[in-house]
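For reference, positions follow the sequence shown, starting with 1.
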Amino acid sequence: MSDALSARPRPQPDEALKDPAVDRAFIGRLVREFYRRVRSDARLGPIFAGEIKDHWEPHLEKMTDFWCAVILKDGSYHGRPVPAHVKLTTVEESDFDIWLGIFRQTVADLCAPGTAAVFVERAERIARSLRLAMFFRLPAALGPDAARARSAGNA
């Protein structure tokens with residue numbers, strides 16, 4: 001079995017985007033424009049406002065670090081996005097479609113098509129990962145209290 005697994009082709013790590021127009025300053029502008037749009041969205045705006053409150057600048061800097069790490073592979077982000085998102089109780093799975101729609105439009109407006117495609121592909125992968133972590137966990141992975149609560153709800 002281990003031979004079969006080791007014989008499988010492994011996914012190659014993403015390479016840094018090589019676009020001279022995309023640097024930390026550009027990503028910072030993109031992040032700020034994206035979150036400006038998110039904040040004005042009827043569904044997502046209140047969710048973000050409830051979580052971030054008046055700490056937008058630190059959040060925007062953290063998201064700039066995150067996207068620099070994702071796009072430029074510069075190692076600037078050291079957070080843990082899955083635990084930060086799993087604890088959010090007001091987020092619904094369909095909110096990711098809204099988030100991705102706003103993100104796609106923002107990068108389409110600010111980036112050359114090839115660059116936008118890289119941002120979108122990575123955003124879709126991130127959204128898929130967060131969706132799985134937030135909405136498709138087995139009850140045992142949630143802990144005994146959550147497993148009991150789910151069982152009681154199905155009884």
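Side-chain atoms of F103 and E124, non-hydrogen and from C-beta on, never get closer than 4.5 Å to each other. In this structure, E33 and L110 have side chains that are in contact, with non-hydrogen atoms separated by less than 4.5 Å. Taking 4.5 Å as the limit, some side-chain heavy atom of F135 sits within range of a side-chain heavy atom of F96. At least one side-chain heavy atom of V82 sits less than 4.5 Å from a side-chain heavy atom of V86. The shortest distance between side-chain heavy atoms of R37 and Q105 falls below 4.5 Å. Between R131 and E93 the shortest side-chain heavy-atom distance falls below 4.5 Å.
Shown here are the salt bridge (Lys or Arg N to Asp or Glu O under 4.0 Å) partners of R128, two or more places apart in sequence or in another chain: there are none. Partners of V118 under the side chain to side chain contact (heavy atoms under 4.5 Å, CB included) rule, at least two apart in sequence or in another chain, are L17, I71, R122. Qualifying salt bridge (Lys or Arg N to Asp or Glu O under 4.0 Å) partners for D41, counting only residues two or more places apart in sequence or in other chains: none. Among residues two or more places apart in sequence or in another chain, the salt bridge (Lys or Arg N to Asp or Glu O under 4.0 Å) test is passed with E61 by R24, R32.
A pairwise comparison of heavy atoms in R43 and T90 identifies NH2-O, 2.9 Å as the closest pair. Residues S76 and C68 come closest through the heavy atom pair OG-CB, 3.5 Å. Scanning both residues, G28 and T64, for their nearest heavy atoms gives CA-OG1, 3.6 Å. When all heavy atoms are compared, the tightest approach of A42 to P46 is O-CD, 3.3 Å. Between L88 and M134, the shortest heavy-atom distance links the atoms O-CE, 4.2 Å.
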CA sep, side-chain torsions, deciding dist, call: F26, W67, ring-ring contact (aromatic ring centres under 6.0 Å, His included): CA-CA 11 Å; F26 173 82; W67 282 102; over 10 Å; no
- request: Evaluate the criterion side-chain contact (heavy atoms from CB on, under 4.5 Å) for residue pair L130 and W99; output intermediate values, then yes/no.
  value: CA-CA 12 Å; L130 290 173; W99 183 90; over 6 Å; no
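Here the straight-line distance linking atom OH of Y35 with atom CH2 of W56 works out to 7.0 Å at 0.5 Å rounding. In this structure, CE in M63 is found 13.0 Å from CG in L30, a value given to the nearest 0.5 Å. Interatomic distance, CD1 of I126 versus CZ of F119, reported as 10.5 Å (0.5 Å rounding). If you take CG on D74 and CG on D23, they are separated by 11.0 Å, rounding to the nearest 0.5 Å. Taking CG of D95 as the start and CG of L44 as the end, the distance is 5.5 Å to the nearest 0.5 Å. From I98, atom CD1 reaches atom CD of E92 across 8.5 Å, with rounding to the nearest 0.5 Å.
Salt bridge annotation for R104-D109: absent, with no cationic side-chain nitrogen under 4.0 angstrom from a carboxylate oxygen.
Among residue pairs with one or both ends in residues 70-95, those qualifying as ring-ring contact (aromatic ring centres under 6.0 Å, His included) are F66-Y77; sequence neighbours excluded. Sorted by first and then second residue, the pairs that involve residues 110-121 and meet salt bridge (charged side-chain N to carboxylate O under 4.0 Å, His left out), not counting sequence neighbours, are E121-R125.
No donor-acceptor distance shorter than 3.5 angstrom exists from the side chain of T115 to the backbone of C111, with no hydrogens or angles considered.
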